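Notes follow once the structure below has been shown.
Just so it is clear: chains get the letters A, B, ... in the order the sequence lines come, proteins before strands, and each one is counted from 1. The shown structure was predicted, so the numbers you read here are calculated from the model rather than taken from an experiment.
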Number of protein chains: 2
Amino acid sequence: MVSIKDVADQAQVAVGTVSNVLNNPDRVAEKTRERVLAVISELGFVRNDAARQLRAGLSRTIGLIVLDVSNPFFSALARAAEDRAAESDSTVLLGDSAHDVGREGRYLDVFEQQRVKGVLISPVGNIDSRLEQLSAHGVPVVLVDRVDPQGRVSSVSVDDVAGGYMAVQHMLSRGRRRIAFVGASTDILQVADRLKGAQQAVAEVPDAQLEVVEATAMTVLAGRASGELLAERGRDGLPDGIFCANDLLAIGVMQAVLLIRGLRIPEDLALIGYDDIDFAQSTVVPLSTVRRPTELMGRTAVELLLEAIEGLSPESRQVIFQPELVSRGSTL
Amino acid sequence: MVSIKDVADQAQVAVGTVSNVLNNPDRVAEKTRERVLAVISELGFVRNDAARQLRAGLSRTIGLIVLDVSNPFFSALARAAEDRAAESDSTVLLGDSAHDVGREGRYLDVFEQQRVKGVLISPVGNIDSRLEQLSAHGVPVVLVDRVDPQGRVSSVSVDDVAGGYMAVQHMLSRGRRRIAFVGASTDILQVADRLKGAQQAVAEVPDAQLEVVEATAMTVLAGRASGELLAERGRDGLPDGIFCANDLLAIGVMQAVLLIRGLRIPEDLALIGYDDIDFAQSTVVPLSTVRRPTELMGRTAVELLLEAIEGLSPESRQVIFQPELVSRGSTL
DNA sequence: ACGTACCAATGAATCGATTCAATTTATGGT
DNA sequence: ACCATAAATTGAATCGATTCATTGGTACGT
């Protein structure tokens with residue numbers, strides 16, 4: 001394996017000079033620099049990161065742990081984070097906890113051993129003890145899609161109450177009045193917030209009413225079941241607008257309403273989802289939905305982390321983004 | 001920052017002993033070991049990976065670069081690879097090239113600098129020059145979902161010809177005879193292979209015929225367009241079985257056929273896709289499809305890499321997996 | 001010709017864990 | 001009690017890049 005020493009010998013300079021060619025090129029005379037660079041590519045020298053960061057005490061790496069890489073929200077966020085990190089000459093190590101506490105823990109261990117500069121994490125469950133440990137070791141943390149109730153660390157998240165509000169307000173503005181909310185258990189914070197927003201919107205319009213339909217899960221199949229349940233009532237008992245807590249549910253509802261009951265969307269029924277997954281624009285009737293500013297969140301998360309690393313702002317910051325309404329055929 | 005030296009001082013032993021507690025616990029007397037472990041947790045000592053691997057010359061890390069983390073095929077593969085690597089006390093660094101040569105290159109650079117043990121890669125384009133460089137530096141490589149035509153490195157991939165064959169053979173065995181293949185340009189190797197398999201299956205049945213419909217892309221919308229084109233012909237010109245080169249296309253075809261033309265699946269038309277994406281089982285009529293053994297591929301890729309690292313088998317191995325038919329409602 | 005800056009280049013010390021030859025301590029047999 | 005042997009412990013050397021005080025050169029002004 002080629003080391004800086006080999007390069008130095010071959011180029012007839014001291015190791016310090018080679019190091020300067022790499023890190024402070026302007027301190028080295030042009031002739032020398034060229035000679036060294038020539039030797040570097042001739043020998044195929046590649047910097048040993050371990051030695052660098054042993055000396056430096058810190059790596060140029062940021063750890064990112066997401067709940068599910070295959071979730072488009074997280075993969076897009078990860079990409080944005082990587083791009084932003086690259087701009088600051090850092091690399092992102094991506095870990096997929098797959099909603100598993102054990103995997104999350106293993107990644108945190110690895111990250112600590114690697115002496116990452118900081119950690120971005122969308123935590124599985126309660127990470128209080130982990131937060132303690134990381135901060136005890138001086139590793140900055142930024143929460144993603146979650147706020148720290150105690151405000152110890154910075155976070156980026158989305159205002160789901162506003163998202164729920166804008167979804168329902170959109171249907172109300174289109175003249176719909178009998179609104180149904182379809183979502184899984186409100187134990188899930190995000191679902192509860194979206195419902196809260198929906199309630200606020202309905203409260204502002206005198207003759208509007210909101211009905212809550214609890215689905216068994218946040219899946220297409222659960223949505224289909226809820227859709228059938230609603231459609232069975234016949235024309236009169238039917239709501240004229242349905243807000244689903246995510247796009248998968250909405251797709252299920254659409255399948256039930258359209259195919260199994262032969263109703264028309266949006267004529268008989270307006271429908272809106274949440275998340276703007278890829279599929280939303282490919283449904284039979286393109287699905288209106290609420291989109292989170294994924295890329296901005298990824299970039300901002302990295303920026304908050306860099307701030308924390310550089311100790312610029314000692315106090316933590318909770319950045320909350322506003323979601324965006326995407327209006328498509330299902331609410332025309 | 002707590003180092004092994006601090007632990008040694010506090011526990012009144014030599015640094016070598018602390019190291020042995022961590023790496024060769026049975027060489028240390030029980031009493032000493034306990035004392036050292038107590039100090040370790042008391043001081044919150046965390047091994048410095050940089051120092052370890054500087055000394056060792058090699059990390060305990062494997063680099064994995066996939067084309068798209070949000071693709072369920074790759075995310076499942078990545079998870080399996082991580083699990084397998086963990087069993088061998090290694091960690092996987094996951095990089096998402098997002099089909100971008102620049103990103104791929106950046107990851108390879110980082111991996112080289114980090115002195116990863118080896119690299120698993122699903123390459124974006126031609127990586128001949130990269131392969132040269134990596135092998136020149138002695139970094140073992142295993143290709144994923146791609147074979148090296150020159151057989152220099154090991155690989156894991158899927159027999160797409162067999163997959164195409166079993167999809168069409170399945171429909172033939174159900175009595176279908178007028179088969180259509182819907183796929184994007186056969187420039188894509190995978191599409192070409194699946195078509196080849198379809199042709200083989202049809203060739204084995206005297207009165208069966210195969211028609212090729214070229215879609216503009218491998219998406220739901222492109223599938224819908226192709227489906228409408230086919231359905232426009234009316235009953236007589238219609239095939240009685242459609243094989244789509246992936247599930248997205250099949251979902252599009254299903255939308256067109258079912259909703260826009262009011263045909264029945266599978267009565268009027270059998271339909272089968274490829275990939276077994278999550279959505280396949282949630283379509284209105286559950287979609288039959290062909291599944292690749294994703295987890296096995298991930299595990300095997302790691303195993304081939306470990307073999308190459310340990311230099312057990314100097315010659316490369318091309319492992320080709322057989323896909324599996326998943327029969328659902330759309331081909332009953 | 002001499003002194004003062006300034007620019008380039010040098011190379012020893014450093015980071016922290018591991019390794020291994022050397023040394024100390026413990027154990028058992030007679 | 002003594003020696004042989006095994007077990008436990010020690011600590012200096014090592015990995016490779018960076019840093020920085022120091023040295024060697026060059027240019028310029030007087």
Calculate the interatomic distance between [X] atom [atom1] and [N] atom [atom2]; express it in whole Å.
X      : N       : atom1 : atom2 : answer
R55(B) : dT14(C) : CZ    : C1'   : 17 Å
E30(B) : dA7(D)  : CD    : P     : 16 Å
L22(B) : dT18(C) : CG    : C1'   : 11 Å
L43(A) : dG16(D) : CG    : C1'   : 15 Å
D26(B) : dA6(D)  : CG    : C1'   : 15 Å
N23(B) : dA17(C) : CG    : P     : 11 Å
Q53(A) : dC15(C) : CD    : C1'   : 11 Å
R35(A) : dA8(C)  : CZ    : C1'   : 12 Å

Comparing nearest nucleotides in DNA chain C, the 5'-proximal residue of the pair A50(B), N24(B) is A50(B)
- Message: Would you say CD of Q150(B) has more than 12 non-hydrogen atoms from neighbouring residues, nucleotides or ligands within 6.0 angstrom?
- Response: yes
Would one find more than 12 heavy atoms of other residues, nucleotides or ligands at under 6.0 Å from atom CD of E295(A)?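 Open.
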Using a heavy-atom cut-off of 4.0 Å across all strands, would you classify G16(B) as base, sugar-phosphate, or nothing?
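Base contact.
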For this session: Describe the nucleic acid contact of V18(A) in one word from base, sugar-phosphate, nothing, applying a heavy-atom distance below 4.0 Å.
Result: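 V18(A): no heavy atom of the nucleic acid under 4.0 Å.
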*Residue whose closest nucleotide on DNA chain D lies nearer the 5' end, Q12(B) versus R115(B)*: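 Checking each residue's closest nucleotide, the 5'-ward one belongs to Q12(B).
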Check whether any side-chain nitrogen or oxygen of [X] sits under 4.0 Å from OP1 or OP2 of [N], and answer yes or no.
X      : N       : result
R47(A) : dA17(D) : no
R27(B) : dA8(D)  : no
T32(B) : dT9(D)  : yes

Counting side-chain heavy atoms from C-beta on, which of [options] comes nearest to [X]?
X      : options                   : answer
S19(A) : dT18(C), dT19(D), dG16(D) : dT19(D)
S3(A)  : dT10(D), dT19(D), dG16(D) : dG16(D)
V13(B) : dT10(D), dT19(C), dA8(D)  : dT10(D)
A14(B) : dT10(D), dA17(D), dG16(D) : dT10(D)

Only one of D275(A), D159(A), D160(A) passes salt bridge (Lys or Arg N to Asp or Glu O under 4.0 Å) with R292(A), and that residue is D275(A)
Exactly one candidate in V36(A), L37(A), I40(A) meets side chain to side chain contact (heavy atoms under 4.5 Å, CB included) with F45(A); the answer is I40(A)
Using a distance-only test with no angle check, is there a side-chain donor-acceptor pair under 3.5 angstrom linking S75(B) and R79(B)?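 Result is no, nothing qualifies.
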